[in-house]
Amino acid sequence: PSKPLARVASGGELARTALGLKTILAASDATPVVIFDEVDSGIGGRVADVLGQKLRQVSEDHQVICVTHLAPIASYANHHLKIEKVRSGNRSRTEVTPLAKTARVEEIARMLGGERVTETTRRHAKELLTTSKARKGG
């Protein structure tokens with residue numbers, strides 16, 4: 001039987017559905033900011049790259065904020081912020097750090113390889129950034 005999408009779809013599926021609709025409606029929608037979280041849930045590789053391209057397409061008409069753990073998606077962003085939860089004793093706080101060019105490479109390399117960043121992960125990160133830049137036209 002038919003059920004509400006919110007009851008049968010995961011958070012990631014809902015986010016991707018919203019992305020699909022936003023991509024189609026982007027030209028006529030007046031919403032200035034679109035936020036996506038969990039849009040990368042349950043995907044990888046080729047699908048992540050396509051998702052990054054779609055997010056970039058939406059960003060041509062809207063400010064897009066996307067929380068992602070996947071380097072292929074992050075590589076399409078114009079700006080990167082590293083967001084970390086820092087615990088001190090029994091307190092937690094969130095730190096937000098804007099990333100410049102070198103730090104972007106390091107963070108994407110960390111997304112690819114975990115805490116141990118190597119020259120190989122750095123090269124891969126640079127390649128992702130270069131490829132996505134070429135696909136988005138500069």
Side-chain angles (χ1 to χ4, degrees):
S2 296
K3 293 184 182 178
L5 187 59
R7 290 189 53 204
V8 297
S10 69
E13 290 167 332
L14 288 173
R16 289 187 292 278
T17 299
L19 175 62
L21 292 171
K22 185 56 70 177
T23 300
I24 293 166
L25 300 173
S28 61
D29 192 355
T31 304
V33 180
V34 184
I35 300 172
F36 292 99
D37 189 11
E38 294 188 32
V39 73
D40 57 5
S41 179
I43 65 166
R46 171 84 176 108
V47 175
D49 187 61
V50 170
L51 204 56
Q53 291 176 46
K54 293 296 182 187
L55 286 164
R56 176 66 181 149
Q57 182 182 347
V58 172
S59 78
E60 291 173 10
D61 297 308
H62 306 277
Q63 172 67 53
V64 173
I65 298 171
C66 179
V67 179
T68 185
H69 301 278
L70 294 179
I73 293 173
S75 68
Y76 280 92
N78 289 326
H79 304 282
H80 290 101
L81 301 172
K82 182 177 182 180
I83 302 171
E84 294 181 283
K85 184 177 185 178
V86 179
R87 293 184 188 210
S88 178
N90 62 353
R91 297 189 54 131
S92 294
R93 72 181 198 291
T94 302
E95 290 184 357
V96 179
T97 307
L99 301 179
K101 186 176 182 177
T102 302
R104 288 174 73 181
V105 171
E106 288 298 307
E107 184 59 18
I108 288 182
R110 190 191 63 73
M111 293 170 82
L112 290 165
E115 290 301 318
R116 186 169 174 264
V117 174
T118 65
E119 283 309 309
T120 301
T121 56
R122 279 187 192 96
R123 279 194 308 274
H124 189 190
K126 288 176 186 174
E127 183 179 342
L128 277 173
L129 288 164
T130 301
T131 301
S132 64
K133 185 177 181 181
R135 285 188 180 148
K136 62 187 177 187

Using every non-hydrogen atom in the two residues, find where T121 and L112 come nearest and quote the distance to one decimal.
O-CD1, 3.9 Å
Please give me the minimum heavy-atom distance between R56 and Y76, naming the atom from each residue.
CD-O, 3.9 Å
Cluster overlap V39 with I43, hydrophobic side-chain contacts below 4.5 Å:
yes
Under 3.5 Å donor-acceptor, T130 side chain and K126 backbone:
yes
Partners meeting side chain to side chain contact (heavy atoms under 4.5 Å, CB included) with T94 (sequence neighbours left out):
I83, V96
Sorted by chain and number, sequence neighbours left out, side-chain hydrogen bond (donor to acceptor under 3.5 Å, both in side chains) with T120 holds for R123
Mind listing the closest non-hydrogen atom pair of L129 and S132 along with its distance?
O-OG, 3.1 Å
Other ILVMFWY residues reachable from V67 by side-chain steps of under 4.5 Å:
none
Check side-chain hydrogen bond (donor to acceptor under 3.5 Å, both in side chains) between E13 and all other residues, then give those that pass, not counting sequence neighbours.
S10
Identify, with sequence neighbours excluded, every residue that meets side chain to side chain contact (heavy atoms under 4.5 Å, CB included) alongside Q57.
T23, K54
Any residue meeting side-chain hydrogen bond (donor to acceptor under 3.5 Å, both in side chains) with R122, in chain and number order, not counting sequence neighbours
E106, E119
Linked, directly or transitively: L14 and V47 (ILVMFWY side chains, under 4.5 Å):
no
Side chain to side chain contact (heavy atoms under 4.5 Å, CB included) with T68: which residues, sequence neighbours excluded?
D40, C66, L70, I73, A74, M111
All heavy atoms of P98 vs all of L81, minimum pair found to be CA-CD2, 3.6 Å
Give every residue pair that meets the salt bridge (charged side-chain N to carboxylate O under 4.0 Å, His left out) criterion with at least one member in residues 69-83, sequence neighbours excluded.
K82-E84, K82-E107
Please check: side-chain N/O of R16 versus main-chain N/O of S41, any donor-acceptor pairing under 3.5 Å?
yes
Closest heavy-atom pair and its distance - N78, R104:
O-NH1, 3.6 Å
Run the numbers on T131 and S75 for side-chain contact (heavy atoms from CB on, under 4.5 Å), then give the verdict.
CA-CA 9 Å; T131 301; S75 68; over 6 Å; no
Residues in side-chain hydrogen bond (donor to acceptor under 3.5 Å, both in side chains) with R93, at least two apart?
E95
Could you measure the distance from the OG1 atom of T17 to the CG atom of L5? Nearest 0.5 Å is fine.
5.5 Å
Please identify each residue that fulfils side chain to side chain contact (heavy atoms under 4.5 Å, CB included) with S92, with sequence neighbours left out.
K85, R87
List, by chain and number, the other hydrophobic cluster members for I65, where Ile, Leu, Val, Met, Phe, Trp and Tyr join if side-chain heavy atoms come within less than 4.5 Å, directly or indirectly.
V33, I35
